[in-house]
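A quick write-up on the structure given underneath.
Note that the structure is a prediction, hence the values are computed from the model and not measured. No hydrogens, no waters, no symmetry mates; every other heavy atom, side chains included, goes into these values.
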Amino acid sequence: MSNYLVAMEAAWLVRDVDNVEDAIGVAVSEAGKRLNDSGKEYVEVNVGGTQCPACAEVFDSAFVAADTALVGLLLEMDVFNADSEEHAKRIAKSEVGGALRDVPLSVVETVLTEEDEDED
């Protein structure tokens, strides 16, 4: 059994905002509240990053048009005692997806953090 850090990307829609900073604040706050209300306080919520195709600089993943924003959130959680990397991904998506219903979610990275010493 192994432990993994699983990073997921979520697309969060925010209505009635004037600028990117407000949209990011609202998205992180709303996602955190829904996760906490579901007992998932162990999921870390941050704004995602998008790389500029022209200059390769990374900027906050948020876009505002017509007072509506799409914010890319980065959600990270530790998964303990998973059978494999795929198993860890399924566990993470199930845990987070249950709390954030109707929010598009995809796994972007899975990192092995440690393995049990009992394995041969």
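Rounded to the nearest 0.5 Å, atoms CE (Met8) and CG (Leu73) are 11.5 Å apart. Note that NZ of Lys93 and CG of Leu75 are 12.0 Å apart. Values are rounded to the nearest 0.5 Å. A distance of 8.5 Å separates CD1 in Ile91 from CG in Asn81, rounded to the nearest 0.5 Å. Interatomic distance, CG of Leu100 versus CG of Leu35, reported as 4.5 Å (0.5 Å rounding). Expressed to the nearest 0.5 Å, how far CZ of Arg34 lies from NZ of Lys40 amounts to 12.5 Å.
Between Val28 and Val71, the closest side-chain pair of non-hydrogen atoms is not below 4.5 Å. Contact of the Val64 side chain with the Asn19 side chain is not registered, since no non-hydrogen atoms from C-beta on lie closer than 4.5 Å.
Residue Ala92 comes nearest to Val6 through the heavy atom pair CB-CG1, 3.6 Å, listed as atom of the first residue, atom of the second, then distance. Taking every heavy atom of both residues into account, Leu105 and Gly97 meet most closely at CD2-N, 3.8 Å. In terms of heavy atoms, Ala69 sits closest to Val17 at CB-CG2, 3.9 Å. Here the shortest heavy-atom pairing between Tyr42 and Met77 reads CE1-CE, 3.7 Å. When all heavy atoms of Leu70 and Ala11 are compared, the pair lying nearest together is CD1-CB, 3.9 Å. The shortest heavy-atom contact between Val20 and Ala62 is CG1-CB, 3.7 Å.
Applying the side chain to side chain donor-acceptor pair (under 3.5 Å) test to pairs two or more places apart or on separate chains, those with a residue in residues 54-63 are Thr50-Ser61.
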Tell me, with the steps shown, if Glu85 and Lys89 meet salt bridge (Lys or Arg N to Asp or Glu O under 4.0 Å).
CA-CA 6 Å; Glu85 184 175 323; Lys89 289 178 184 180; 3.7 Å; yes
I'd like to know whether Val96 forms a side-chain contact (heavy atoms from CB on, under 4.5 Å) with Val103, so could you lay out the CA-CA distance, the side-chain angles of the two residues, the decisive distance to 0.1 Å, and finally the verdict.
CA-CA 10 Å; Val96 173; Val103 175; over 6 Å; no
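Among Leu112, Thr113, Thr110, the single residue meeting the side chain to side chain contact (heavy atoms under 4.5 Å, CB included) criterion with Leu5 is Thr113.
Residues that satisfy the salt bridge (Lys or Arg N to Asp or Glu O under 4.0 Å) test with Glu9, not counting sequence neighbours, are absent from this structure.
A distance-only check finds no donor-acceptor pair linking the side chain of Glu76 to the backbone of Ala7 [under 3.5 Å]. A donor-acceptor pair under 3.5 Å is absent between the side-chain atoms of Asp67 and the main chain of Asp18, judged by distance alone.
Around the CZ atom of Phe63, the shell of radius 6.0 Å holds no more than 12 heavy atoms that belong to other residues, nucleotides or ligands.
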